2 protein chains.
Amino acid sequence: MGDKKEKRVTLQDVAKDAGVSRATASLVVRGSTSITEQTKQKVLASMNKLGYVYDRVAASFRSRRSSTVGIIITDIGNPFFSELLANLQDRLDELGYTTLLGMTFESESKQERILETMLEHHVCGIIMAPVAGTNPTVFARLKQLNVPCVLIGREISGARVDYIGTDFQWGTKMAVRHLADQGHKHIALLGGTPHTSAYNERLAGYLEGLEESRIPTDQHHIIPGPPTRESGAVIINQLIRQDKLPTAALCHNDIVALGVIVGLRENRLVAGKDMALVGFDDIKEAATANPGLTTVAVGSGQWGIEAANLLHQRISAETPAPAAQETARIILPPKLVIRESSTHFMGVH
Amino acid sequence: MGDKKEKRVTLQDVAKDAGVSRATASLVVRGSTSITEQTKQKVLASMNKLGYVYDRVAASFRSRRSSTVGIIITDIGNPFFSELLANLQDRLDELGYTTLLGMTFESESKQERILETMLEHHVCGIIMAPVAGTNPTVFARLKQLNVPCVLIGREISGARVDYIGTDFQWGTKMAVRHLADQGHKHIALLGGTPHTSAYNERLAGYLEGLEESRIPTDQHHIIPGPPTRESGAVIINQLIRQDKLPTAALCHNDIVALGVIVGLRENRLVAGKDMALVGFDDIKEAATANPGLTTVAVGSGQWGIEAANLLHQRISAETPAPAAQETARIILPPKLVIRESSTHFMGVH
DNA sequence: TCCTCTTAGTAGATCGATCTAATTATAAGC
DNA sequence: GCTTATAATTAGATCGATCTACTAAGAGGA
C-alpha cells in the first residue's frame, strides 16, 4: 500500500537503526579493523534488515577514488582478444575491480571518445590495446590525471607507459627459420597493420630470419592487410591471380592464417600440402583447424593476468613521485607450436 | 613549480571564468535548448581553456541516473558471445551508454556478485545471458529497484523480464528434418546444458523432428554436456568407445560441433563423410571450418542490436506504472545454412 | 592519583554536479 | 505604455558516503 516515496535506504538509515553514527556504519562497510565485532554485527544486521544497497557512486564521488578499470580493445571478433579479455576480466574481478569495456574497431576517434568517457567515469586505471597511430599525447594526459595505463600487444613510441607483450621479432624469426628448415625458399609475410610496433617487430624478425637462412627477400611477398579472416583470403586470391604464390607463408596472426586456408581452398589448393603456413597467437581454433595450424604461441591468457596484476600494482602504489616512476615492460616469451600446416608440404620448393 | 594542490577543474570554475552561473554551465554540458548560442559558446570556450573534465560520477550521484549499462555473459570464449558482444557494445555506444562487463563462467554465485556490484554502480539497465538455474527472485529485485533487464538466449521461468532469442525448437526441428531428408535414421543430439530453456527447446524440436520423420528416439543418442569444444570431442570419444556412433548428429552449438569434428579426426574419421553434422549459431568459424559446418544461423549480431535497442527503449520510457508493463519477447527466426558437413555422407545409413 | 597512549566511535564539513523554484530579460498582445 | 506570456538564467539546497579532526573510554605505567 505505502510505496509512496520509495526512498533508497542509506547508511544514515542503517546507522540510526543500529544505534550508531553514520561514520561508524561507513567504517563497517569498508571493513575497518577498528570496529568491535559486536557493533559490526549490529550494523550488518540492520543492513540486512533494511535491504541496504551500498552506493558506490556516492562513495567514489566523495573519496575521489573508484574500483573501476577501463579495458579498451580493438575488436573482440579476434579470438585472441576474447581469450585475453576472459582472463583479464577474471583476474580483475578477483582483485575486486569492475570493468568498463570499450571497443575501438581500430578507429582513433572512437578510442579518444572512449578514453574520455572512461576518465569522466573516474576509472582508476586503464588497460588497452591501442589503435595504430595512437597519438602519444593521450598518455601524457593520463599521466597528468594520474590514471595508470597498461598497453597490451602494441607499443606506442613516445609514450612512457607500462607495456605487456611478447617478443614478436624473435617469434617471427623462429617461424621463418622453421619454414626455411623445411626447405622453403619463398616465404611470404602476410597481413598486419603497418606502422604498429607489433608489425614492425614482426617485419624485422622476418627479414632477419630470411637473412640468416640466406634467402633473398622479395618485396612482392610482403603484403600487409587488416588482421582479419577476410583479409587472409583476399591476399591469397590476389597472389594467385598474380601467379606469385609462395611455397610458404608466415601470417600476421592466426585468423589471417585461417583466412588463408579458406582462400587456398577456394582455389582448390590445400593448406599445408600446397603451401606451408604459420600463424601467430595460438588461438584455440589453431589446434582444431584442418590442417592443424603451426603457430607462434604467445600465451594470451597470461597477458591478461599479467596486465591485471601490473595495473593493480600501479593503482595500489602510493605513487608519491609519479614522474620518477619507471615504466615496466613485460615481455612473455613466444613459443613455436608445430602442427600439420607447416610440415606436410608436397609441392616443389 | 606550482603543481601543489592540483585541484580538479569543476563546473564552478568554468562558470566563473565564463561569467555565468554554475547552473547555466551545467545546462550547457547537458545540451539544453534553452541556452543562447552566445552563452553556450562562452561556456564551451572556458571549458576548453581550463581543461575541464566532466564528472560523470558527481552528475550521476546527484541525478540518481547514470548512462552505464551492465552486460553479463557466461563466457566470452564462445565466439557466439564475442560476436554478440561486439554488436551489442557497438550499438550501446551509439546510444550513448557506457558498458560495465561481467563474466559468470556459469557460476550462479558469481552472477549474483556481479549483479550486486552493478546495482551498487547504479547501472541504468542490464543485459544478460543468465546462468543455468538462475533464481528468478533476482529479477524481482531488479524490478523493485526499477532497473530494466533484457535476457538473451535463455529464458528463466518465473521471471517477468524482456527476452531476446530465437526459436530454438523450430531451428532444431529444421536441422533434424534436413538430416532425415538425407536418409539418416540415427541422429544424435550432442551437448547442451539441461534445465535451461535453450536446451529444453532444442530437445523438444529434436523429438518433434524425429517423430515427424518417423524415426524412433534412442536415449543413448541424447547426450548433454557443457557447450565447449572439449565437450564435443569427449562425447564423440565416448560414443566410439561404446560403439554407439550415430550416422548424424545435431550439436548444441557450433563449438560443440567443431569439437566433434576434432574428436572424429582423432579417431581417423572424417566429419561429413563418416558422420553428418549440424551445429547451431553460425559463428564465423562455421563457414571456414573444414568441412564447412552446416548450422542453424540465429543472427547473433542482430540479437545484440535488438537487445541494445530494447533496453534503451525501456530506460527511456517513463515507466509510470512499472507493474503493468508488458514484457517483450523478441524471437528472431532461425535459418538453416547448409554446408558440406551434412551433405557429403558416404557411410551406410 | 595522575598522566599518557591506544582504541572505538562520532560530529560536521565536504566532494561537484543537478534539481527546484524563483528571478530577470525578451517578446507579444492590446 | 502596460500587462502577460515565454525564454533565459540563477541562488541555494541537495544527493549519500567519506574525510578530518575530535572526544570518550579504557589500559597501562610511574
Side-chain angles (χ1 to χ4, degrees), chain A residues 5-44 46-47 50-68 116-117 119-122 124 145-146, chain B residues 5-44 46-47 50-68 98 117 119-122 124 145-146:
Chain A
K5 257 295 150 75
E6 274 282 22
K7 288 257 277 188
R8 197 176 245 266
V9 179
T10 81
L11 260 193
Q12 182 72 275
D13 305 326
V14 171
K16 196 164 71 182
D17 185 86
V20 298
S21 75
R22 200 175 50 247
T24 304
S26 175
L27 290 171
V28 170
V29 278
R30 285 180 285 164
S32 162
T33 52
S34 67
I35 294 285
T36 353
E37 186 61 24
Q38 193 190 357
T39 39
K40 182 177 154 191
Q41 290 307 331
K42 250 192 324 190
V43 172
L44 289 177
S46 296
M47 279 175 42
L50 303 178
Y52 172 69
V53 177
Y54 182 57
D55 190 330
R56 258 172 222 280
V57 178
S60 85
F61 167 56
R62 178 57 178 95
S63 66
R64 321 291 312 120
R65 264 182 258 115
S66 87
S67 55
T68 56
E116 197 58 30
T117 309
L119 291 176
E120 293 176 1
H121 274 289
H122 280 205
C124 60
L145 290 171
N146 209 24
Chain B
K5 259 291 149 83
E6 274 282 22
K7 288 257 273 189
R8 197 177 244 266
V9 179
T10 82
L11 260 193
Q12 182 72 275
D13 305 326
V14 171
K16 196 164 72 183
D17 184 86
V20 298
S21 76
R22 200 174 53 245
T24 304
S26 175
L27 290 170
V28 171
V29 278
R30 284 180 286 163
S32 163
T33 53
S34 67
I35 292 284
T36 347
E37 186 62 25
Q38 193 190 358
T39 39
K40 184 178 154 190
Q41 290 307 331
K42 253 192 324 192
V43 172
L44 290 177
S46 295
M47 279 175 42
L50 302 178
Y52 172 69
V53 177
Y54 182 57
D55 190 328
R56 259 172 221 279
V57 178
S60 85
F61 166 56
R62 178 56 177 98
S63 66
R64 318 301 302 127
R65 264 183 258 114
S66 88
S67 56
T68 55
T98 309
T117 309
L119 291 176
E120 293 177 0
H121 274 289
H122 279 207
C124 58
L145 291 171
N146 208 23

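By convention in this document, chain letters (A, B, ...) are assigned in the order of the sequence lines, proteins followed by strands, and residues within each chain are numbered from 1. No hydrogens, no waters, no symmetry mates; every other heavy atom, side chains included, goes into these values. None of these values were measured; they are calculated from a predicted model.
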Visitor: Does a side-chain N or O of A:Arg22 approach OP1 or OP2 of C:dA13 to a distance below 4.0 Å, or not?
Guide: no
Visitor: From the options D:dG16, D:dT10, C:dA17, select the nucleotide whose nearest atom is closest to the side chain of A:Ala58.
Guide: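 When the side chain of A:Ala58 is considered, D:dG16 is the closest of D:dG16, D:dT10, C:dA17.
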Visitor: Write down the distance between NZ (A:Lys16) and P (D:dG16), rounded to a whole number of angstrom.
Guide: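 About 13 Å, once rounded to whole Å.
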Visitor: Scan B:Val20 against the nucleic acid and name what it touches under 4.0 Å (heavy atoms): base, sugar-phosphate only, or nothing.
Guide: sugar-phosphate
Visitor: How close or far is atom P of C:dG16 from atom CZ of B:Arg8, stated in whole angstroms?
Guide: 8 Å
Visitor: In this structure, how many angstroms lie between the C1' atom of C:dC15 and the CZ atom of A:Phe61, rounded?
Guide: 4 Å
Visitor: Let me confirm one number: the CZ-CZ distance from A:Phe61 to B:Arg56, rounded to the nearest 0.5 Å.
Guide: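 A:Phe61 CZ to B:Arg56 CZ: 15.5 Å, rounded to 0.5 Å.
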Visitor: Taking only side-chain nitrogens and oxygens of B:Thr24, does any of them come within less than 4.0 Å of OP1 or OP2 of D:dT10?
Guide: yes
Visitor: Of A:Arg56 and B:Thr36, whose nearest nucleotide on DNA chain D comes first from the 5' end?
Guide: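 Of the two residues, B:Thr36 wins.
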Visitor: Are OP1 or OP2 of D:dT9 and a side-chain N or O of B:Thr39 less than 4.0 angstrom apart?
Guide: yes
Visitor: Using a heavy-atom cut-off of under 4.0 Å over every strand shown, decide if B:Ala23 touches base, sugar-phosphate, or nothing.
Guide: base
Visitor: Would you call B:Asp55 and B:Arg62 a salt bridge, using N to O less than 4.0 angstrom?
Guide: no
Visitor: B:Ile35 near the nucleic acid: base, sugar-phosphate alone, or nothing, with a heavy-atom cut-off under 4.0 Å?
Guide: sugar-phosphate
Visitor: Respond yes when some side-chain nitrogen or oxygen of A:Ser21 is under 4.0 Å from OP1 or OP2 of C:dG9, and no when none is.
Guide: no
Visitor: At less than 4.0 Å, is any side-chain N or O atom of B:Arg30 found next to OP1 or OP2 of C:dT18? Yes or no.
Guide: yes
Visitor: Heavy atoms only, 4.0 Å cut-off, all strands: where does B:Ser63 land among base, sugar-phosphate and nothing?
Guide: sugar-phosphate
Visitor: Just N and O in the side chain of A:Arg65: are any of them under 4.0 Å from OP1 or OP2 of D:dA17?
Guide: no
Visitor: Passes side-chain contact (heavy atoms from CB on, under 4.5 Å), B:Val9 versus B:Val53? Steps please.
Guide: CA-CA 7 Å; B:Val9 179; B:Val53 177; over 6 Å; no
